[in-house]
Amino acid sequence: MLDRRFIRENPDAVKEAVRVKGIGLDVDELLRLDQVARELQRELDDAQTLRKSSSKEFARAGEARRAELRAQHAELERQLRKLREQLAATSERLQELLLLTPMIPWPGAPVGPDDSANVTIRTWGTAPDFGFQPLDHVELLEKRDWAEFARARKVSGERAYALKGDMVWLERALHSYALSLLAGRDFTLISVPSLVREEPLTGTGQFPAHREETYAITADDLYLAGTAEVALVGLHSGEILDFKTLPIRYAGISPCFRREAGSAGRDVRGLLRVHQFEKVEQFVICAADDGESDRWHAELLSAAETLLQGLGLHHEVVECATGDMGAGKYRMNDINTWFPSLGRFRETHSCSSLHDWQARRASLRYRGTDGTVRFAYTLNNTAIATPRLLAALVENYQTEDQRVRVPEALRPYLGGRDLLLHGLGGRHTARWCANAASHAGNRGRLCARHAGVVRCEAWNSKPIASPKSPGAPSPRSTGAMSQ
RNA sequence: GGUGGAGUCGCCUAGUGGCCGAGGGCGCACGCCUCGAAAGCGUGUGAGGGGGCAACCCCUCCGUGGGUUCAAAUCCCACCUCCACCGCCA
């Protein structure tokens, strides 16, 4: 959302932004409504001044004068009511249009209607050279019994999935890895609600333009957010922050839900485009300073690149075109990661600067060093979104015998293992995990030492549950997991 | 889910129909005092919109939205949030 005064004073810049971003908005109608609303407001102010002063007179007046004033007020009240109704109708329509106004894109953005106009600005690494026929992530996961697709779809319909065994640990490792890196960069880790009200969705810019993308819980007037950003903006909406608390840096973690309404039939196979996923999101609230915002943009982008480089994943950074970046963005850079099965890059990260567009919607302000109140600037970027990145990881790290090597950076989160090979059907199953958990650190390393070995002595010597009796609890349902 | 209580200017609080857009304290800013500081004293200190070259003026906002009234922070209704207790529950 843009400032009404700015729109009034820079109609051409706004119209140009509407054009290059391909937004359906009649700026002239908006200007007209703005004009009408201001005139109505002025009339209303005048009428109210009159009402106030004669009410004051009423208190001191005699009976005859009071009767006069009552009659005068009845008339005045009719006028006020009419003006208020007109103003309400005008403002409502005006607000609808204001919510559609786009951020003016930065001058360096390629101009084009969609992502075909995006420009690659750098590439890191190289595509893996397998020397064998690699599988796609679905084949690999099914082969190792690392996921359920058909069965999950019985439960939840299309695009559903269930990760199993080591894939669960690997997914968690990716998130832990991202959280560690961001914590090291002074981001505050925060887990936020996915179940949100309408207001924060309007605040971030999801509503009204992308309402159809969002799951609605109609019984309770709640929605399932597609990103932690919604809650992160919402946390501070309506606030006036002290400049001393800025910049606020969050590593927000949440389940994310997307209807993918506009993508019916696309990427229906596997883990690339799912309705429910897990994401660690980088989010920054900073002062309304273009230079500072630019620095944070670079910082967020760099954090994501560092994460991917730590994972050794081939990727490219893209400068997004005006038509691809969305209404609220000042600048957007996607990072696309290499998927061997596709033979190309796919978007895994999206880094955006919104300047005060989002803060204005959410009324997220701060008091600056000079005491003036201003809308803050916000930025966000993916840190890790799984299972899409998980799919990239297993595809890039698969071995000829359908195991998955573990990149160095993730080993600390996987008990030191350098190879994942356990499907549930194997002798040494995902119970490794249960063992590691039950040995709580001291014995857990025993299991780690046996990683990759077909028989684990820890498992043999101290079974958690009898594997033969059908009614016996499975290892994963024992102990601390039971609640 | 039930019952009871509460939401006022960054924080605490006064305020049951007009003298209240709102008093006091804390905090904060500036000044005096001081070698410097503390204490003390003085002044100032919410947001949004509109008008004016300017000094300044006008309107709106006491959780949100309605209503009653000539007039609402104050009375009525609905909703939201918080607190306490009961019930249920991971």
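Lettering follows sequence order; numbering is per chain, from 1. Excluded from the calculations below are hydrogen atoms, water molecules and symmetry mates; all remaining heavy atoms, backbone and side chain alike, are included.
- In this structure, the CZ atom of A:Arg360 is 15 Å from the C1' atom of B:A47, given to the nearest Å.
- Checked by atom type, the side-chain pair A:Gln35/A:Glu39 shows a donor-acceptor distance below 3.5 Å.
- Looking at A:Glu171 and A:Thr386, their side chains do bring a donor and an acceptor atom within 3.5 Å of each other.
- Of the nucleotides present, none pairs with B:C19 by Watson-Crick or G-U wobble criteria with both distances under 3.5 Å.
- With C1' as the reference atom, B:G50 and B:U69 are 28 Å apart, rounded to whole Å.
- Rounded to whole Å, the separation between the C1' atoms of B:G44 and B:U3 comes to 48 Å.
- Separation of the A:Tyr366 and A:His236 ring centroids does not fall under the 6.0 Å cut-off.
- Comparing B:G48, B:G51, B:C70 by their closest approach to the side chain of A:Arg365 singles out B:G48.
- Listed nucleotides: B:A71, B:G46, B:G50. Nearest to the side chain of A:Ser55: B:A71.
- Under the Watson-Crick or G-U wobble criterion, with both distances below 3.5 Å, B:U68 is left unpaired in every strand shown.
- Here, B:A84 and B:C32 have their P atoms 49 Å apart, quoted to the whole Å.
- A cation-pi arrangement is found for A:Arg211 relative to A:Phe207, the charged atom lying closer than 6.0 Å to the ring centre and inside a 45° cone about the ring normal.
- Residue A:Arg5 is in sugar-phosphate contact alone, with no base atom involved, counting any heavy-atom pair closer than 4.0 Å across all strands shown.
- When Watson-Crick and G-U wobble pairs are counted only if both distances are under 3.5 Å, B:A29 pairs with B:U43.
- Of the candidates B:C70, B:C19, B:C59, B:C19 carries the atom nearest the A:Lys56 side chain, counting heavy atoms from C-beta on.
- We find that CG of A:Asp242 is positioned 13 Å from P of B:C11, with the value rounded to whole Å.
- The nearest whole Å value for the distance from the CZ atom in A:Arg8 to the C1' atom in B:G50 is 10 Å.
- The separation between A:Leu69 atom CG and B:C70 atom C1' is 7 Å, rounded to whole Å.
- Between A:Lys164 and A:Glu148 there is a salt bridge, since at least one side-chain N of the basic residue sits less than 4.0 Å from a carboxylate O of the acidic one.
- Residue contacts for A:Arg374: at a heavy-atom cut-off of 4.0 Å it reaches no nucleic acid atom on any strand shown.
- A donor-acceptor pair shorter than 3.5 Å cannot be found between the side chains of A:Ser293 and A:Tyr330.
- When the P atom of B:U81 is taken as reference, atom CG of A:Leu222 falls 9 Å away, rounded to whole Å.
- Taking every side-chain heavy atom of A:Val373 into account, B:A47 is the closest of B:G50, B:G49, B:A47.
- When Watson-Crick and G-U wobble pairs are counted only if both distances are under 3.5 Å, B:U3 pairs with B:A84.
- When the P atom is compared between B:G18 and B:A22, the two are found 15 Å apart, to the nearest whole Å.
- Taking atom CZ of residue A:Arg65 and atom P of nucleotide B:G18, one finds them 21 Å apart after rounding to whole Å.
- Checking B:A71, B:C58, B:U60 against every side-chain atom of A:Thr49, the shortest atom distance belongs to B:C58.
- Base-pair partner of B:C9: not found among the strands shown (Watson-Crick or G-U wobble, both distances under 3.5 Å).
- B:A90 is unpaired under the criterion used here, namely a Watson-Crick or G-U wobble arrangement in which both key atom distances are under 3.5 Å.
- Both A:Ile240 and A:Arg51 sit near RNA chain B, but only A:Ile240 has its closest nucleotide nearer the 5' end.
- In this structure, A:Asp356 and A:Thr378 have side chains that are not in contact, with every pair of non-hydrogen atoms separated by 4.5 Å or more.
- Of the listed nucleotides (B:U60, B:C58, B:U81), B:U81 has the atom at the smallest distance from the side chain of A:Arg197.
- Look at the C1' atom in both B:U16 and B:G2: the space between them is 30 Å, to the nearest Å.
- The side-chain heavy atoms of A:Leu222 and A:Arg197, taken from C-beta on, include a pair separated by under 4.5 Å.
- Side-chain N/O atoms of A:Arg367 include none lying less than 4.0 angstrom from OP1 or OP2 on B:G46.
- Across B:U60, B:A71, B:G50, the shortest atom-to-atom separation from the side chain of A:Arg38 is found for B:G50.
- Protein atom CD of A:Gln35 is 17 Å distant from nucleotide atom P of B:G49, rounded to whole Å.
- Between A:Arg66 and B:G18 there is no side-chain N or O to OP1 or OP2 distance below 4.0 Å.
- Under the Watson-Crick or G-U wobble criterion, with both distances below 3.5 Å, B:A54 is left unpaired in every strand shown.
- Taking every side-chain heavy atom of A:Phe58 into account, B:C70 is the closest of B:C59, B:C70, B:A47.
- On the P atoms, B:G15 is 42 Å away from B:A54, given to the nearest whole Å.
- A:Glu68 places its CD atom 16 Å from the P atom of B:C70, with the value rounded to the nearest Å.
- Comparing the same atom, C1', in B:G52 and in B:U34 gives a spacing of 45 Å after rounding to whole Å.
- Residue A:Gln72 is classed as having no contact, given no heavy-atom separation below 4.0 Å to the nucleic acid.
- The side chain of A:Arg70 lies closest to B:C70 when the candidates are B:G49, B:C70, B:C58.
- For A:Lys52, counting side-chain heavy atoms from C-beta on, the closest listed nucleotide (B:G49, B:G18, B:C59) is B:C59.
- Nearer the 5' end of RNA chain B, as judged by each residue's closest nucleotide, is the contact made by A:Arg81, out of A:Glu77 and A:Arg81.
- Distance check on atom C1': B:U68 versus B:C11 gives 35 Å, rounded to whole Å.
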